[in-house]
Amino acid sequence: MHGEYKVPGGKLVVVDLAVEDGSLRDVRVAGDFFLEPDEALLDINRALEGAPADTPAPELAARIDAALPEGTVMFGFSSEAVGVAVRRALAQATDWHHYDWQLIHDGPQSPALHMALDEVLTAEVAAGRRPPTLRVWEWASPAVIIGSFQSLRNEVDPEGAERHGMTVVRRISGGGAMFVEPGNTITYSLCVPDALVQGLSFADSYAYLDDWVLAALEGMGVKAWYQPLNDIATEAGKIAGAAQKRVVSGDGAVLHHVTMAYDIDADKMLDVLRIGKEKLSDKGTKSAKKRVDPLRRQTGLARDAVIERMVASFRGRYGLTDGAVTPEEMARAEELAATKFSSEEWTARVP
């Protein structure tokens with residue numbers, strides 16, 4: 001069995017192994033990481049040899065830590081990363097390069113249609129009828145997008161939303177509210193097979209699916225990192241938030257979408273969103289204005305240029321061909337946009 005795990009912001013860890021009588025055998029760890037002393041690699045292999053095949057990644061990491069000599073230096077990876085690579089090998093997880101990725105970047109569409117497209121395209125990936133897809137959104141109108149489990153009245157000031165002409169829609173993924181204005185927001189979705197994230201914890205999958213974005217940002221002079229659970233942050237503040245939804249039908253799929261602040265009208269945002277003190281308390285700031293630092297200021301680039309560089313980064317890593325929503329997919333999405341995502345029943349399902 002073969003497993004690979006690219007540490008977000010770090011190096012690649014590769015594990016080859018067999019399973020005999022329920023235990024790991026012939027374990028061989030490799031990668032482009034740095035390790036001192038050299039002999040520590042043999043200690044890692046020996047620590048994993050004979051471990052029960054159902055051992056969780058944290059317990060595999062503990063076995064490795066206990067076996068490593070004092071003073072061992074692991075650069076670009078960790079014992080936890082090795083444990084994840086083992087779990088991915090056992091789960092027969094796939095890699096980014098196993099797929100022919102498709103790009104969808106259409107013109108502006110309504111907030112409700114964007115929500116519906118996410119649901120339809122992810123279901124198509126799960127069913128095997130669509131290749132893994134990167135979709136870049138263009139917004140037709142300003143909106144507040146609330147998480148699947150958020151309370152409508154607790155998150156949105158209806159008078160503020162009406163005053164600024166903002167549509168309120170609820171998405172199928174969890175997480176917090178998104179404040180969206182066309183031209184000021186960069187949003188993308190990844191619709192990926194469940195096999196791509198096999199062996200990863202729910203938390204690890206967030207950083208894993210956005211590692212390419214961190215590299216793209218670094219190429220634009222922005223040093224960014226994942227701030228658990230689902231924020232992309234810089235020294236200047238948060239620049240993006242991610243959310244996920246798992247689809248269990250067919251072979252399974254994961255919807256991972258991210259909204260990035262290219263620019264932001266903080267006063268308008270605070271007039272529309274009800275951002276409580278409790279939410280701000282664990283962010284280390286007293287002001288919601290200080291939580292978000294837009295990409296426009298940090299990159300000095302036009303919004304279209306930022307998107308072009310992000311897409312180029314993905315294409316350079318994994319390959320990417322231009323594609324489109326099929327007529328059948330669009331028909332189902334338009335129906336869902338009208339019957340579900342534009343309905344009061346869905347939007348206010350958590351009042």
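Count residues from 1 along the sequence.
For the pair Met178 and Thr185, the minimum side-chain heavy-atom distance is 4.5 Å or more. Looking only at side-chain heavy atoms (C-beta outward), Pro37 and Thr72 come within less than 4.5 Å of each other. Within the 4.5 Å cutoff, side-chain heavy atoms of Met115 are placed close to those of Ile145. Side-chain contact between Ile264 and Asn184 is absent, with no heavy-atom pair separated by less than 4.5 Å. By the 4.5 Å heavy-atom criterion applied to side chains, Val254 and Leu196 are not counted as neighbours. Put simply, the side chain of Thr299 does not reach to within 4.5 Å of the side chain of Arg309, judged on heavy atoms. Two residues are said to be in side-chain contact when any heavy atoms from C-beta on lie closer than 4.5 Å; Arg135 and His105 fail this criterion. With contacts defined as side-chain heavy-atom distances shorter than 4.5 Å, the pair Arg332/Glu119 does not qualify.
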Fill in: From CA spacing to verdict: side-chain hydrogen bond (donor to acceptor under 3.5 Å, both in side chains), Ser343, Glu345
CA-CA 5 Å; Ser343 71; Glu345 181 182 8; 5.2 Å; no

Item to complete: Show the numbers, then the answer: is there a side-chain contact (heavy atoms from CB on, under 4.5 Å) between Val7 and Val84?
Response: CA-CA 10 Å; Val7 179; Val84 169; over 6 Å; no

Worksheet item: Is there a side-chain contact (heavy atoms from CB on, under 4.5 Å) between Cys191 and Arg130 once you walk through the steps?
Response: CA-CA 9 Å; Cys191 304; Arg130 159 167 286 281; 5.8 Å; no

Worksheet item: Does the side-chain contact (heavy atoms from CB on, under 4.5 Å) test come out yes or no for Asp211 and Arg317, once each step is laid out?
Response: CA-CA 11 Å; Asp211 188 51; Arg317 278 190 168 205; 3.2 Å; yes

Practice prompt. List the steps, then state whether side-chain contact (heavy atoms from CB on, under 4.5 Å) holds for Ile172 with Lys340.
Written response: CA-CA 11 Å; Ile172 60 174; Lys340 178 178 179 178; 4.0 Å; yes

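Atom CG of Leu121 is separated from atom OG1 of Thr326 by 8.0 Å, given to the nearest 0.5 angstrom. Interatomic distance, Asp293 CG to Ile239 CD1, rounded to the nearest 0.5 Å: 8.5 Å. The CG atom of Asp204 sits 10.0 Å away from atom CG of Leu229, with the distance rounded to the nearest 0.5 Å. From Ile186, atom CD1 reaches atom CD1 of Ile307 across 4.5 Å, with rounding to the nearest 0.5 Å. To the nearest 0.5 Å, the span separating CG on Leu68 from CG on Leu41 amounts to 10.0 Å. Interatomic distance, Asp65 CG to Ile44 CD1, rounded to the nearest 0.5 Å: 9.5 Å.
Atom CG of Asp265 is surrounded by more than 12 heavy atoms from other residues, nucleotides or ligands within 6.0 Å. Heavy-atom contacts from other residues, nucleotides or ligands closer than 6.0 Å to CG of Asp251 number 12 or fewer. Around CD of Glu162, the count of heavy atoms belonging to other residues, nucleotides or ligands within 6.0 Å does not exceed 12. In this structure, Arg153 places its CZ atom where only 12 or fewer heavy-atom neighbours from other residues, nucleotides or ligands lie under 6.0 Å away. Counting heavy atoms of neighbouring residues, nucleotides and ligands inside a 6.0 Å radius, atom CZ of Arg246 exceeds 12 of them.
When ring centroids are compared, Tyr318 and Trp212 stay outside the 6.0 Å threshold.
Identified under the ring-ring contact (aromatic ring centres under 6.0 Å, His included) test for residues 119-169, with sequence neighbours left out: His114-Trp137, His114-Trp139, Trp137-Trp139. Pairs engaging residues 9-24 under the side-chain hydrogen bond (donor to acceptor under 3.5 Å, both in side chains) rule: His2-Asp16 [sequence neighbours left out].
For Ala331, there are no side chain to side chain contact (heavy atoms under 4.5 Å, CB included) partners two or more places apart in sequence or in a different chain. The side chain to side chain contact (heavy atoms under 4.5 Å, CB included) search around Thr339 returns Glu335, not counting sequence neighbours.
In the hydrophobic clustering of ILVMFWY residues, with side-chain heavy atoms under 4.5 Å counting as a link, Val258 and Leu200 come out together. In the hydrophobic clustering of this structure, Val247 does not group with Leu190; members are Ile, Leu, Val, Met, Phe, Trp, Tyr whose side-chain heavy atoms approach within less than 4.5 Å, directly or through other members. Note on Ile232 and Val192: same hydrophobic cluster, where clusters join Ile, Leu, Val, Met, Phe, Trp and Tyr whose side-chain heavy atoms are under 4.5 Å apart, directly or indirectly. When hydrophobic clusters are built by joining Ile, Leu, Val, Met, Phe, Trp and Tyr residues whose side-chain heavy atoms come closer than 4.5 Å, directly or via intermediates, Val82 is not grouped with Val14. No chain of hydrophobic side-chain contacts below 4.5 Å, direct or via other Ile, Leu, Val, Met, Phe, Trp or Tyr residues, connects Val29 to Leu12.
Residues Glu328 and Arg129 are not paired through a salt bridge, judged by the lack of any N-O separation under 4.0 Å between the basic side chain and the carboxylate. By the 4.0 Å N-to-carboxylate-O rule, Lys268 lies too far from Asp271 to be salt-bridged with it. The pair Asp118-Lys245 fails the salt-bridge criterion, with no side-chain N (NZ, NE, NH1 or NH2) lying under 4.0 Å from an Asp/Glu carboxylate O.
In the hydrophobic clustering, Phe75 connects to Phe34, either directly or through intervening members, whenever side-chain heavy atoms lie under 4.5 Å apart. Grouping Ile, Leu, Val, Met, Phe, Trp and Tyr by side-chain contacts under 4.5 Å, direct or through others, leaves Val350 on its own.
Under the 3.5 Å distance criterion, the side-chain polar atoms of Arg170 are matched with a main-chain donor or acceptor of Trp346. In terms of modelled atom types and a separation under 3.5 Å, the side chain of Ser205 and the main chain of Phe202 share a donor-acceptor contact. Under a 3.5 Å cut-off, the side chain of Arg349 and the backbone N or O of Ser148 do form a donor-acceptor pair. Judged purely by atom type and a 3.5 angstrom limit, Tyr99 has no side-chain atom pairing as donor or acceptor with the backbone of Pro132. Using modelled atom types, no side-chain atom of Trp101 and backbone atom of Leu134 make a donor-acceptor pair closer than 3.5 Å. Between the side chain of Gln150 and the backbone N or O of Gly147 there is at least one donor-acceptor pair closer than 3.5 Å.
Contact record, Ile146 with Glu155: CG2-CB, 4.3 Å, taken as the closest heavy-atom pair. Here the closest heavy-atom approach between residue Leu320 and residue Arg315 is recorded as O-NE, 3.1 Å. Here the closest non-hydrogen pair linking Thr55 and Arg87 is O-NH1, 2.9 Å. Contact record, Ala242 with Asp210: CB-OD2, 4.1 Å, taken as the closest heavy-atom pair. Nearest heavy-atom pair across Arg297 and Ala236 is NH2-CB, 3.6 Å. Here the shortest heavy-atom pairing between Thr234 and Trp225 reads C-CH2, 3.3 Å.
At a cut-off of 3.5 Å, with distance as the only test, a side-chain donor of Arg171 or Ser173 sits close to an acceptor on the other residue. A donor-acceptor pair shorter than 3.5 Å can be found between the side chains of Asp194 and Gln198. No side-chain donor from either of Arg63 and Ser79 sits under 3.5 Å from a side-chain acceptor of the other.
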